[in-house]
Structures are given as C-alpha cells and as structure tokens.
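Read through the structure below, which is laid out as structure tokens, and then see the notes.
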There are 4 protein chains.
Amino acid sequence: MTLADHAAPAPRPGRRADAERNRAAIIEAATVVFAECGGGVDVREIARRSGVGMGTLYRHFPTKDELLATVLEQQLDTWLTDAYRQAVATEDPWRALTGFFEQLLGNQAGNRAVVESYTATGGPGSACVQRCYALIDQLRVRCADAGVLRPGVTTDDLFLLSGALSQAVLTTAESHPGQWRRLLRISLDGLSSRNAEPLP
Amino acid sequence: MTLADHAAPAPRPGRRADAERNRAAIIEAATVVFAECGGGVDVREIARRSGVGMGTLYRHFPTKDELLATVLEQQLDTWLTDAYRQAVATEDPWRALTGFFEQLLGNQAGNRAVVESYTATGGPGSACVQRCYALIDQLRVRCADAGVLRPGVTTDDLFLLSGALSQAVLTTAESHPGQWRRLLRISLDGLSSRNAEPLP
Amino acid sequence: MTLADHAAPAPRPGRRADAERNRAAIIEAATVVFAECGGGVDVREIARRSGVGMGTLYRHFPTKDELLATVLEQQLDTWLTDAYRQAVATEDPWRALTGFFEQLLGNQAGNRAVVESYTATGGPGSACVQRCYALIDQLRVRCADAGVLRPGVTTDDLFLLSGALSQAVLTTAESHPGQWRRLLRISLDGLSSRNAEPLP
Amino acid sequence: MTLADHAAPAPRPGRRADAERNRAAIIEAATVVFAECGGGVDVREIARRSGVGMGTLYRHFPTKDELLATVLEQQLDTWLTDAYRQAVATEDPWRALTGFFEQLLGNQAGNRAVVESYTATGGPGSACVQRCYALIDQLRVRCADAGVLRPGVTTDDLFLLSGALSQAVLTTAESHPGQWRRLLRISLDGLSSRNAEPLP
DNA sequence: CATGAATGAGCTTTCATTCAT
DNA sequence: AATGAATGAAAGCTCATTCAT
C-alpha cells in the first residue's frame with residue numbers, strides 16, 4: 001500500500017466542476033456539523049451550511065447514513081494518512097508507533113460523530129478500518145521486530161486502544177484538553193517490552 | 001464517606017407505596033432499555049416495559065433526560081458500591097485498584113447508554129462522578145502510599161481511563177467479549193511504578 | 001351472513017370515548033378528502049379537516065395506506081349493506097339484482113379514491129371484496145334459479161362489471177351525472193336470458 | 001375525416017433532425033413507462049429510458065402533464081387508427097362495431113395511465129376524444145341504419161362504455177387476462193336491437 | 001394519582017421544474 | 001440545443017411532552 005492510493009480524489013473526468021464543488025462543500029459542512037453535534041443533527045443544517053438545497057445533498061448522498069459514513073471515512077482517511085506519513089519518517093520504531101497514535105488522536109479531538117461511530121459499529125466503514133488495521137499492523141511489526149513491544153500484543157489490541165482513547169479525547173475536549181495525552185502515554189508504556197507479563 | 005450513604009433509598013414518608021413501586025418499575029425497565037438501545041429509545045418503550053402509562057412516567061421524571069440521568073447514576077452507584085466493597089476487602093493495594101476497575105467495567109459490559117453518557121457530558125450526573133472520584137482517589141492513595149503507583153498519576157487520569165475503557169468494553173461486547181481485559185491489563189501495567197517516566 | 005354483522009362497530013369497552021370520537025372524525029374527514037382528491041392527498045389535509053394532530057392520526061392508522069384501506073372498506077361496506085338490504089326486500093330476482101347495482105353505483109358517484117382502488121388492486125381490501133362477492137353471488141343464484149339470467153354468467157363477471165361501471169360513474173360525475181344509468185341498463189340487459197349466446 | 005389526417009407527423013421544416021429523434025425517443029420511452037407505472041412515475045425514469053437529459057425532455061414538453069397528454073393522445077390515436085381501419089373493412093355493421101371495440105380495448109390491455117386518464121379528466125385531450133367520438137359515431141350510424149342497434153343508443157353511451165371497459169381490461173390484466181372480453185360481449189349484446197326497452 | 005390519547009414541530013426523503021455549463 | 005446538477009416545497013412519519021378522562 002502506498003500513500004498515493006489515498007491522495008485527493010482524482011476529479012472524475014465527466015463530472016461538472018460545480019458538482020464537484022458542491023460535493024466538497026457538503027462534505028466540508030457535514031464534517032464540521034457532525035463533529036460539533038454528532039450524527040443526530042438535522043440534515044437541513046448541513047444543507048444550509050453548505051449553501052446547497054436539500055435535493056443537491058441527496059443527489060450526492062442518497063441517505064443521511066451514507067453522508068455520515070463518507071464523512072467519517074474521509075476524515076479518518078486523512079488522519080491516517082497524516083499520521084502514517086509521519087510514522088514512516090520516524091526511525092525509531094517505538095517513536096513511530098507512539099507518534100502515530102498521538103497524531104491520530106490529536107486530529108479527532110472533540111469530534112462527536114467519530115466517537116459515536118466507534119460506539120455504534122466498532123468503527124467507521126470497514127474499508128477504512130481495514131486500512132487502519134493495516135497501518136497499525138505495520139507499526140506493530142516494526143516494534144515487535146525491534147523487541148520493544150510487549151510480547152503477545154496484537155493488532156486488535158492496538159486498534160481497540162485507539163477507539164478507547166478516542167473516547168477519552170472527546171470526553172476531555174472541552175474541560176481538560178490535552179489530558180488524554182497522559183492516558184496515551186500510560187497505555188503505551190504498558191505496551192512496552194518492559195511489561196512482560198502475559199496478557200489475559 | 002461510608003457505604004451506608006448509598007444504601008437503598010429510604011422510602012420517603014407520606015409517599016404512597018404503589019407510587020414507589022411504579023418508580024422502581026420505571027427505573028428497572030429504563031435500565032434495561034437504555035442499556036440495550038442507548039439513550040435514543042422511544043420513551044414509550046420504557047413505559048410499555050415498566051407497565052405504567054406515560055403520565056405516570058412523566059410524573060416521576062419530568063424529562064427523558066432526567067430519567068436517563070437517574071438510571072445512569074443509580075447504575076453506576078450500584079456498580080461502584082460493588083466494586084468498592086470488594087476493593088476494601090483486598091489487602092494488596094495494587095490488587096485492590098486492579099480489581100476495582102475490573103469489576104466496574106465488567107458490570108457495564110455492553111451498556112450503550114453508559115458509554116454514550118461519557119461521550120455526551122463527561123460522565124453521568126456530577127453527584128455520582130463525585131463519588132466515583134472519591135473512591136478512585138482512596139484506592140489511588142493506597143497505591144501511592146505503598147509505592148506501587150507510577151509517580152504523577154492523578155485521580156483524573158484514573159477516572160478518564162475508566163471512561164475510555166468503557167468504550168472498549170462496549171465496542172467489543174458482541175464480537176470479542178472479554179478482549180477489553182487485555183486492554184485493562186495493559187493500561188494498568190502502564191500505571192505501575194515500574195514505569196517511572198514523567199507524564200506529559 | 002346477516003346484516004347485523006356489519007352494523008356500526010361496537011364501541012370497544014376499554015376505549016376512551018374521545019378516542020373513538022377522534023377515530024370517527026378522522027375516518028369521516030378522510031372519506032370526504034379521499035373522495036374529493038383521490039388517494040394522493042396530503043395526510044395533513046385530513047388531519048386538519050378532522051381537527052386532530054398528525055400524531056393522533058398516526059396513532060389510529062399507522063400508515064396512510066391503512067387509513068385509505070379502512071376508509072374504502074368501511075365505505076364500500078356501508079354501501080353494500082344499503083344495497084343488499086334493498087335487494088333482499090325485492091321480490092323479483094331480476095329487479096333485486098338490478099336495484100343492487102343501481103344503488104351501489106349511485107352511492108359511489110364521484111368518489112375518486114374508490115375507482116383508483118379498483119385500478120390499483122382489483123378492489124379494496126380483500127375482506128370487503130369477499131363480502132361483495134358473496135352478496136352478488138346470492139343475487140346471481142336467485143336470478144339463475146328463476147331462469148332470468150343469461151346462462152354462463154359468473155359472479156366474477158358481475159363483480160368485474162361493478163368495477164367497470166364505477167369508472168363510468170366517476171367519469172361522468174361532473175359533466176353528465178346519471179348517464180351511467182344508461183350504461184348500467186345496457187349491460188344488465190346484456191345479462192338477461194334473452195341473450196343466450198355463449199360467452200367467450 | 002380521413003385516415004391520412006393522422007399519419008406520422010410531418011417533420012416540421014426548420015427542425016433539426018436529432019431534435020425530432022429525441023422527441024420520438026422521449027415519447028416512446030414515456031409510452032412504456034406510463035403504461036407500466038401509471039402517471040405517477042418519476043420524470044427521471046422517462047429521461048433515463050429515452051437516453052436524453054432532463055433539459056431536453058422539458059424543452060420538448062414544458063410540463064409532465066403535457067408529456068402525458070401527448071403520449072396518451074398519440075397512443076389512442078394509433079389504436080383508433082388500427083381499430084377503425086379494420087372496422088371499415090368489415091362488411092357487417094355489427095361486426096364492425098364489435099371488432100372496433102375489441103381491437104381498441106385489446107390494445108390498451110394493462111395500460112395504467114390510460115385508465116387513470118379516464119378517471120381524471122373524462123378521457124385524454126379533447127382533440128383525440130373528438131376523433132374517437134367521430135369514429136364511434138360513424139360505426140353507430142351504420143348499425144342504426146342497418147337496424148341492428150338498440151334504439152336510443154347515443155355515441156356518448158358508446159364512448160362511456162369504452163372507458164368503463166378500459167377499467168375492466170386493466171383490472172383483470174394480470175389475474176384474469178381476457179376476462180374483459182366476456183364483459184364486452186355482454187355489454188354489446190345489451191346494445192343490440194334485440195333489447196328494445198327505452199334507456200333511462 | 002394513573003392512564004394513554006393528543007399534540008405538533010421536526011425529521012428524512014422525493015420529485016417537478018429550472019438553470020448553469 | 002443538450003445536459004444533468006440544483007432547487008426547495010411538500011410528503012410521510014416519529015416522538016418528547018402535555019392534558020383530558
């Protein structure tokens with residue numbers, strides 16, 4: 001897998017420019033609104049903020065759920081790309097893993113819809129989860145190979161940790177922003193090979 | 001603070017017995033329904049399952065939110081009592097802390113509303129959070145005094161951890177029940193004094 | 001089958017009086033509105049005219065289609081009862097049959113929804129169709145026994161005729177009211193034993 | 001009136017050929033779709049099936065209703081032409097009338113939109129109705145002159161009969177195809193001079 | 001006091017028609 | 001002249017809350 005696979009979506013040729021602009025505007029507005037208010041917002045609010053009519057919105061996304069899924073996927077995709085880019089540029093495997101989590105979580109600070117989606121389905125659409133898994137897996141293997149990872153830690157564990165910390169990020173977003181970093185540090189330390197007891 | 005403070009609510013005098021019974025039935029039904037379906041369920045469903053009419057329900061809880069809050073609070077209260085009871089009976093401070101978390105999380109396995117509440121408001125009603133804080137604080141102090149706790153760990157950290165793991169419990173409730181225990185172990189290991197690096 | 005089976009619906013005991021009144025008001029309004037405008041009207045119009053809120057309407061009829069079906073069935077039921085009452089009181093079998101059709105069709109003059117329903121489904125809900133069939137069948141047998149009915153004519157034929165003439169009634173409702181009676185006469189004459197050629 | 005009046009529309013001079021082709025494609029698709037689904041279909045479906053854009057469709061037919069009217073008119077026109085052609089070729093006046101109805105109805109078997117149109121407006125656009133009237137009138141006069149038609153039967157009666165039987169054709173299209181022929185026979189027999197009673 | 005019917009604003013979605021490209 | 005994206009006013013239906021019985 002390369003980063004190029006997830007570059008900005010190539011403008012499909014036969015597509016009108018303003019349609020593409022509208023689609024982008026909808027996603028942008030929806031991203032903000034969903035993050036602020038969660039997945040329960042009125043679709044009208046999104047239409048209003050994107051400056052398009054309801055029909056336009058539903059032409060691009062035939063269902064509210066589809067819009068939500070698209071937004072979540074795209075968001076997580078962007079974040080994953082960012083986080084992974086930095087991780088691969090980091091020599092030290094442990095710092096790579098650490099930095100990946102830090103960046104991923106930092107991005108989704110205060111995003112209601114993202115955490116809701118973890119709760120509802122175990123994460124956004126599977127395609128995106130797949131990718132997240134794959135990236136985490138690479139980082140895990142690097143750490144394992146370097147002998148810095150606690151034995152027995154699986155990719156599932158790391159993925160689950162990501163979701164759990166998302167919750168923490170959201171919880172503290174307004175009252176204690178940044179506190180989640182302490183939790184991240186704690187958890188990651190628990191993942192280091194210094195802790196060798198077998199996991200349940 | 002003693003456990004007695006949180007015993008079953010003394011039947012307020014002047015209150016008719018059936019009113020109290022209704023209130024209990026509502027809470028019981030709401031507990032189940034909110035856990036199963038999350039806070040978004042139709043109030044009617046709760047009325048139906050408790051066998052009371054809408055009017056009765058709204059007489060006891062003037063708002064859906066108030067009912068939700070009551071349920072969450074009472075539930076967490078019960079769990080806290082259970083978990084704390086076992087913790088104080090445990091000699092080893094570390095095992096006490098560990099067991100407390102394990103029991104607390106085990107209880108709320110798969111409870112949608114609980115995790116949602118973490119997301120929405122930073123936890124259930126403050127009274128309950130207060131108590132949770134207090135209990136965690138006691139356990140934390142015991143560990144700190146015994147020198148088994150990583151320096152710098154605050155009650156806030158532990159509380160936040162509890163919320164984050166709640167998310168993990170819910171996420172894995174159906175597909176991988178019990179996987180959260182691995183995460184709990186990892187996190188708690190990161191809290192041991194074996195990890196001495198300062199937290200951010 | 002007796003006429004008593006189709007008397008006014010017995011007020012179900014546990015039912016509140018005003019609920020029954022509302023239900024009746026809804027049906028009454030819906031009857032008028034559907035007849036005037038066809039099955040495509042806005043449900044709100046019915047709610048407005050019956051003086052109830054949308055919720056009330058949907059409490060009684062969980063779907064627009066259900067309301068429509070109820071209205072059609074009840075209407076046809078009433079008409080059938082009227083028409084049949086008169087038919088059984090008529091000595092001459094042929095006049096009984098003739099009168100039955102005349103009255104049935106006369107009632108539904110200009111009712112949009114009724115004819116639409118014939119088009120859509122071959123008639124309103126089956127329960128009602130069953131009854132219509134049964135009544136027509138009795139009248140047909142009387143005529144056949146008296147030797148005044150063209151041989152080979154089935155109840156299906158008569159039922160289909162009823163639907164076809166409904167169309168004619170509606171078509172002429174505004175421009176040539178009453179013209180349908182000529183068509184009725186013509187068709188019924190074609191059903192008399194005077195026309196003995198076998199049917200295709 | 002001659003048949004030539006209703007031949008294929010002369011290509012209006014200043015009109016581009018592809019425009020004419022589009023118009024034809026639209027009508028062809030609309031004919032199928034309206035027949036299948038009735039007049040309530042989404043205009044998009046017609047645009048899709050004709051392979052033209054919405055704009056083109058609306059350039060040719062500024063309103064959905066206008067398109068529907070055009071389709072109905074053209075369809076009925078074709079059918080009328082067919083049915084009339086055969087009727088004039090038939091020596092026996094009664095067989096001519098009979099055959100005309102049979103063919104006309106046989107053509108519109110199961111055409112939702114046609115029957116709907118009878119219900120809605122008393123028939124398709126007046127131009128077409130005029131022609132239908134004229135044709136039926138000719139056949140009626142032939143029968144009357146030959147003394148085989150029941151006295152007092154008007155062209156209005158015959159036209160109304162046509163609409164009523166349309167309903168029957170549609171009603172039985174799927175479950176009992178062909179049953180309408182029995183009804184046709186019955187009605188026509190009622191129109192024969194054998195039945196001499198005056199009509200209401 | 002209990003009941004559950006009534007309320008009505010609000011939600012998601014559709015579709016005839018218009019308009020920028 | 002053709003395209004199909006954009007529009008926005010309904011439409012069907014839901015549900016927290018109130019109120020008559």
Side-chain angles (χ1 to χ4, degrees), chain A residues 14-23 25-26 40-48 50-67, chain B residues 15-16 18-19 22 40-48 51-67, chain C residues 14-23 25-26 40-48 50-65 67, chain D residues 15-16 18-19 22 40-48 51-68:
Chain A
R15 203 81 170 240
R16 274 214 255 149
D18 59 344
E20 213 60 53
R21 229 180 306 127
N22 273 333
R23 192 187 154 91
I26 291 167
V41 251
D42 192 334
V43 185
R44 275 192 269 273
E45 178 62 23
I46 296 171
R48 208 173 306 131
S50 26
V52 307
M54 291 295 296
T56 305
L57 200 157
Y58 273 87
R59 159 177 284 276
H60 288 284
F61 303 95
T63 300
K64 187 191 188 181
D65 280 352
E66 227 152 308
L67 172 58
Chain B
R15 201 94 171 224
R16 275 175 26 177
D18 58 345
N22 274 336
V41 253
D42 194 330
V43 186
R44 265 168 259 277
E45 178 64 22
I46 296 170
R48 208 173 305 130
V52 307
M54 293 292 293
T56 305
L57 198 156
Y58 270 86
R59 164 170 301 277
H60 288 284
F61 304 93
T63 294
K64 187 191 186 181
D65 281 352
E66 225 150 311
L67 172 57
Chain C
R15 205 80 172 239
R16 275 215 255 150
D18 60 343
E20 213 59 53
R21 229 180 305 127
N22 272 333
R23 192 187 154 90
I26 291 168
V41 252
D42 191 335
V43 186
R44 282 159 169 81
E45 177 63 23
I46 296 171
R48 210 173 304 127
S50 25
V52 307
M54 292 293 296
T56 304
L57 200 156
Y58 272 88
R59 158 178 286 276
H60 288 284
F61 304 94
T63 299
K64 187 191 188 182
D65 279 353
L67 172 58
Chain D
R15 202 91 169 227
R16 273 172 30 175
D18 59 345
N22 273 337
V41 254
D42 194 329
V43 186
R44 265 166 259 276
E45 178 64 21
I46 296 170
R48 207 174 306 130
V52 307
M54 293 292 293
T56 306
L57 197 156
Y58 270 86
R59 164 172 300 277
H60 288 283
F61 304 93
T63 295
K64 186 191 187 182
D65 280 352
E66 225 151 311
L67 171 58
L68 180 53

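The figures that follow rest on heavy atoms only: side chains count, while hydrogens, waters and symmetry mates do not. A note on names: the letters A, B, ... follow the listed sequences, proteins ahead of strands, and every chain is numbered from 1.
B:Asp65 is linked by a side-chain hydrogen bond (donor to acceptor under 3.5 Å, both in side chains) to nothing, counting only residues two or more places apart in sequence or in another chain. When the salt bridge (charged side-chain N to carboxylate O under 4.0 Å, His left out) test is applied to B:Glu66, no partner is found at least two apart in sequence or on another chain. Under the side chain to side chain contact (heavy atoms under 4.5 Å, CB included) criterion, D:Arg44 pairs with A:Arg59, D:Asp42, D:Arg48, D:Met54, sequence neighbours left out. Annotation: side-chain hydrogen bond (donor to acceptor under 3.5 Å, both in side chains) contacts of C:Asp18 (sequence neighbours excluded): none.
Contact annotation: B:Arg59 side-chain N/O to E:dC1 OP1/OP2 distance is not under 4.0 Å. Taking only side-chain nitrogens and oxygens, D:Asn22 never comes nearer than 4.0 Å to OP1 or OP2 of F:dA1. A sub-4.0 Å separation between OP1 or OP2 of F:dA6 and a side-chain N or O of A:His60 is present.
Summarising the geometry, the separation between CZ on A:Arg21 and C1' on E:dA20 is reported as 10 Å, rounded to the nearest angstrom. Protein atom CD1 of B:Ile46 is 12 Å distant from nucleotide atom P of F:dC15, rounded to whole Å. Between the CD1 atom of A:Ile26 and the C1' atom of F:dT7 there is a distance of 12 Å, rounded to whole Å. Straight-line distance from the CZ atom of C:Arg48 to the C1' atom of E:dT7: 15 Å, rounded to whole Å. As rounded to whole Å, 15 Å separates atom P of E:dC1 from atom CZ of B:Phe61. Rounded to an integer number of Å, the gap from A:Arg23 CZ to F:dG4 C1' is 16 Å. The separation between C:Leu57 atom CG and E:dA9 atom C1' is 16 Å, rounded to whole Å.
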Readout for nucleotides 11-16 of chain E: B = base within 4.0 Å of protein heavy atom, S = sugar-phosphate only, - = neither; 5' to 3' it is BBBBBB
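To the nearest 0.5 Å, atoms CG (B:Leu67) and NE2 (B:His60) are separated by 11.0 Å. For the atom pair C:Thr56 OG1 and C:Phe61 CZ, the distance stands at 11.5 Å (nearest 0.5 Å).
Scanning all heavy atoms of the two residues, the minimum distance from C:Lys64 to C:Val41 falls at NZ-O, 2.8 Å. Among all heavy-atom pairs drawn from D:Thr63 and D:Tyr58, the shortest one is CA-CE2, 4.2 Å. The shortest heavy-atom contact between A:Ile26 and A:Leu57 is CD1-CA, 3.8 Å.
Residue contacts for B:Asp18: at a heavy-atom cut-off of 4.0 Å it reaches no nucleic acid atom on any strand shown.
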Give the dot-bracket line for DNA chain F from 5' end to 3' end: parentheses for intra-strand Watson-Crick or G-U pairs under 3.5 Å, square brackets for crossings, | for inter-strand pairing, dots for unpaired.
.||||||||||||||||||||
